[in-house]
Amino acid sequence: MEQHDALLTLSEIAAAFVGFSTIVVVFRSNRSELQRFRLRGVAEIGIAVLFGAFLPLMVAGLVSSDSQVWRISSVIFAPTALTGWIVWSRSVSRAGHPPTFGKLPFAPDVVANVVGQVLLWWNVMAPTPAAPTRYVTALMSFLIIAAMSFVASAFGGAET
């Protein structure tokens, strides 16, 4: 599998986000409710990207074709990532907080999620030799959301 190293690197980055968000929560207990929501989102996205990074490696052991690896991985990961993002954004909205990064539908986190979803569903509908690159780029777009949330919660103001 040609993207093996990239997937492992992304899993390491995702694990670092999970760890950093946990450290921030432990050592800075005076976080606002919104900051705690954002940090929880960082950990959840990190865990999802960890799953997404290891998924093709697991699927590769079950199927023989590279195109099947990326199609199956994408069809499993795309709805998982979308559902997680929707649940998280709805919980933030129900808590009475505005969208984190600007106005919908052009908020950077929304754009990054849409880009990641489009790339994954493209792999499902029309897998090509570029499927591994699209898959890795989708994972990177989800990590961008985690990075924005981490920076906003760790270094942002103490908004309520």
Side-chain angles (χ1 to χ4, degrees), residues 1-22 34-35 37-60 62-63 65-94 97-156:
M1 178 181 306
E2 65 189 54
Q3 299 294 334
H4 182 267
D5 290 338
L7 291 170
L8 292 179
T9 301
L10 286 173
S11 70
E12 292 169 359
I13 294 169
F17 274 126
V18 173
F20 287 147
S21 65
T22 303
L34 178 58
Q35 289 170 322
F37 268 118
R38 287 178 181 164
L39 286 169
R40 187 184 90 198
V42 170
E44 290 169 351
I45 292 168
I47 291 168
V49 171
L50 271 168
F51 169 73
F54 287 120
L55 187 60
L57 303 174
M58 292 183 287
V59 172
L62 302 173
V63 299
S65 162
D66 262 0
S67 66
Q68 288 178 325
V69 168
W70 301 110
R71 177 177 266 172
I72 292 169
S73 298
S74 295
V75 81
I76 293 170
F77 189 63
T80 302
L82 182 60
T83 302
W85 186 79
I86 289 171
V87 167
W88 179 80
S89 63
R90 290 190 68 179
S91 68
V92 170
S93 295
R94 270 186 269 147
H97 299 296
T100 306
F101 306 104
K103 302 274 185 214
L104 299 175
F106 300 109
D109 57 330
V110 174
V111 172
N113 194 11
V114 169
V115 167
Q117 288 293 320
V118 166
L119 292 170
L120 291 173
W121 288 109
W122 188 355
N123 282 350
V124 172
M125 301 301 203
T128 66
T133 303
R134 287 194 297 263
Y135 190 88
V136 168
T137 304
L139 291 179
M140 289 169 44
S141 72
F142 298 130
L143 282 178
I144 288 170
I145 299 168
M148 289 187 307
S149 292
F150 180 77
V151 169
S153 61
F155 304 109

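In this text the structure is predicted, and so the values were computed from the model without any measurement.
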* To do: Measure the CD-CD1 distance between Glu44 and Ile47 for me, rounded to the nearest 0.5 Å.
  => 7.5 Å
* What are the two closest non-hydrogen atoms of Arg71 and Met125, and how far apart are they? -> NH2-O, 3.8 Å
* **Minimum side-chain heavy-atom gap Val136-Leu7 below 4.5 Å** => yes
* Asked: So how far is it from Gln68 CD to Ser73 OG, rounded to the nearest 0.5 Å?
  -> 11.0 Å
* Asked: Going through the distances and angles, do Leu143 and Leu10 end up as a side-chain contact (heavy atoms from CB on, under 4.5 Å)?
  -> CA-CA 8 Å; Leu143 282 178; Leu10 286 173; 3.6 Å; yes
* Structure fact -> Pro79 and Ser74 have their tightest heavy-atom pair at CD-O, 4.1 Å
Atom pairs and distances, side-chain donor-acceptor, residues 111-121, under 3.5 Å, sequence neighbours left out:
from: Gln117; atom 1: OE1; to: Trp121; atom 2: NE1; distance (Å): 3.1
from: Gln117; atom 1: NE2; to: Ala78; atom 2: O; distance (Å): 3.0

* **Side chains of Thr80 and Trp85 in contact at under 4.5 Å (non-hydrogen atoms)** => no
* Hey, does the side chain of Tyr135 reach the backbone of Gly52 with a donor-acceptor pair shorter than 3.5 angstrom? -> yes
* Asked: Is Trp70 close to Val59 at the side-chain level, that is, under 4.5 Å between some pair of heavy atoms?
  -> no
* Structure fact -> Value for CG (Leu55) from OG (Ser11), rounded to nearest 0.5 Å, stands at 12.5 Å
* **side-chain contact (heavy atoms from CB on, under 4.5 Å) partners for Thr9, two or more places apart** => Ile13
* Structure fact -> Residues passing the side chain to side chain donor-acceptor pair (under 3.5 Å) test with Arg134, sequence neighbours excluded, are Asn123, Thr128
* Nearest 0.5 Å please: distance from the CD1 atom of Ile45 over to the CD1 atom of Ile144. => 11.0 Å
* **Check: Phe17 ring centroid to Phe142 ring centroid under 6.0 Å** => no
